[in-house]
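For reference, the structure is listed below as structure tokens.
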Amino acid sequence: MAEEIDFETYLSLTKNKFEIFLFDKTNLKNLYKDELKLESSFNFLDLDKLNKFLDIQIFKIEKIYGKFIKNIYLILENDLNLEVNICIKKKNYGNLINKKSLENALIEVKDLFKESYQQQTIIHMIINNYLINDKNYSSFIDNLRGDNLCLEVNFISISNEILVKFDKILEKYQITISQYLNRNYVKNFFNEENIELSEMAFKIVNGYN
């Protein structure tokens, strides 16, 4: 019987295809994979097609796995994702800019997003650019001295209405959603690397980005 810690389940949903993976974290390969190509475009607010797909697939995976699936990672690609860029500038008065400074700025910009988009849930929060003393940096450099720190942050989110529907459909199988991922972001991050979507998602979840 497989140890629960060694495997994760990923479910990918697009308008034209459903995919599901049982991923072996130790060997970085799929123990099981299946897909359903849709004849008509999937409506993310009408989940009957997904229900039928999961009825078959959850049973198959749990039989292979030898245990009940408790958690799943949901990878979404749809037009209902919201993408917003927010810039924030923090005065630093010539002090050192360190990881704590960065964390405080990120908390503030995240709170700004939540206040402005209360009906959305953040999927990804991506720092596009650092500006310290009017100089651009592609990555954060710890302990620079500067008068100000400016961040450009990209948020990818999805409506709470859709998430509630997904939560309810998976409650039927006593499965909770561990994390949501945006399929376009995941695939674009790895660009042309020839690896499975499940491995891409696993690496993103574990901080590869």
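If you read the sequence from its start, that first residue is 1, and numbering goes on from there. Source: prediction; values computed, not measured.
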Could you grab the distance from atom OG1 of T121 to atom NZ of K114, nearest 0.5 Å is fine? 9.0 Å

Carboxylate-amine/guanidinium proximity below 4.0 Å for E19 and R183: yes

Tell me, do I175 and K70 make a side-chain contact under 4.5 Å, heavy atoms counted? no

Looking at E199 and K29, does any basic side-chain N land under 4.0 Å from a carboxylate oxygen? no

Going through the distances and angles, do E77 and K15 end up as a salt bridge (charged side-chain N to carboxylate O under 4.0 Å, His left out)? CA-CA 7 Å; E77 177 186 87; K15 286 186 174 181; over 6 Å; no

Do F7 and L31 come close enough that some side-chain heavy atom pair is under 4.5 Å? yes

Can you check whether L13 reaches L50 side chain to side chain, under 4.5 Å on heavy atoms? yes

For the NZ atom on K172, are there more than 12 heavy atoms of other groups (residues, nucleotides or ligands in this structure) within a distance under 6.0 Å? yes

With ILVMFWY side chains joined below 4.5 Å, transitively, what does I107's cluster contain besides itself? none

Side-chain (N71) to main-chain (E8) donor-acceptor, under 3.5 angstrom: no

Would you indicate whether N191, at its atom CG, is surrounded by more than 12 heavy atoms from other residues, nucleotides or ligands within a distance under 6.0 Å? yes

Residues passing the salt bridge (Lys or Arg N to Asp or Glu O under 4.0 Å) test with K33, sequence neighbours excluded, are E196

Those residues at least two apart in sequence (or on a different chain) that pass side chain to side chain contact (heavy atoms under 4.5 Å, CB included) with L36 are F18, L38, F53

Derivation and outcome, side-chain contact (heavy atoms from CB on, under 4.5 Å), residues L11 and L54: CA-CA 10 Å; L11 174 64; L54 289 176; 4.1 Å; yes

For the atom pair CD1 (I123) and CG (L74), what is the distance rounded to the nearest 0.5 Å? 8.5 Å

Counting distance only, does the side-chain N/O of N98 pair as donor-acceptor with the main-chain N or O of K100 below 3.5 Å? yes

Using side chain to side chain contact (heavy atoms under 4.5 Å, CB included) as the criterion, list what pairs up with L106, not counting sequence neighbours. L102, V109, M125, I127, L151, V153

Could you tell me the separation between the CG atom of N81 and the NE2 atom of H124, rounded to the nearest 0.5 Å? 8.5 Å

Considering only Ile, Leu, Val, Met, Phe, Trp and Tyr, and joining two whenever side-chain heavy atoms are under 4.5 Å apart, list the other residues clustered with F21. Y10, F23, L28, Y73, I75, I126, I156, L181, Y185, V186, F189, F190, I195, L197, M200, F202, I204, V205, Y208

V84 vs Y117, side-chain contact (heavy atoms from CB on, under 4.5 Å): CA-CA, chis, key distance, verdict: CA-CA 10 Å; V84 175; Y117 301 95; 3.8 Å; yes

In sequence, state the C-alpha distance, the side-chain angles, and the governing distance for T176 and L170, and then conclude on side-chain contact (heavy atoms from CB on, under 4.5 Å). CA-CA 7 Å; T176 58; L170 287 165; over 6 Å; no

E35 and K37 have their tightest heavy-atom pair at OE2-CE, 3.2 Å

Pairs touching residues 142-184 that satisfy ring pair (Phe, Tyr, Trp, His ring centres under 6.0 Å), sequence neighbours left out: F113-F155

Going by chain and number, the hydrophobic cluster around V164 (ILVMFWY, side chain to side chain under 4.5 Å) further includes none

Once salt bridge (Lys or Arg N to Asp or Glu O under 4.0 Å) is applied, do any residues pair with K49, and if so which ones, sequence neighbours excluded? none

Mind checking the SG-CG spacing from C150 to N129? Nearest 0.5 Å is all I need. 7.5 Å

Kindly determine whether N27 and D24 satisfy side-chain hydrogen bond (donor to acceptor under 3.5 Å, both in side chains), including the steps that lead there. CA-CA 6 Å; N27 298 301; D24 179 343; 2.8 Å; yes

Decide side-chain contact (heavy atoms from CB on, under 4.5 Å) for N182 and L76; before the verdict, give the C-alpha distance in whole Å, the side-chain angles of both, and the deciding distance to 0.1 Å. CA-CA 5 Å; N182 177 271; L76 300 174; over 6 Å; no

Side-chain heavy atoms under 4.5 angstrom apart, residues restricted to Ile, Leu, Val, Met, Phe, Trp, Tyr: same cluster for I97 and L131? no

Would you compute the distance between atom CD1 of I69 and atom OG1 of T9 and round it to the nearest 0.5 angstrom? 4.0 Å

Does any pair with a residue in residues 146-159 pass side-chain hydrogen bond (donor to acceptor under 3.5 Å, both in side chains), and if so which ones, sequence neighbours excluded? N85-N154, Q120-S157

Ring pair (Phe, Tyr, Trp, His ring centres under 6.0 Å) against F140, all qualifying residues, sequence neighbours excluded: Y130

Results of salt bridge (Lys or Arg N to Asp or Glu O under 4.0 Å) for E62 - residues two or more places apart only: none

Report the residues that fulfil salt bridge (Lys or Arg N to Asp or Glu O under 4.0 Å) with K110, sequence neighbours left out, ordered by chain and then residue number. none

Could you tell me the separation between the CG atom of L96 and the CZ atom of R145, rounded to the nearest 0.5 Å? 4.0 Å

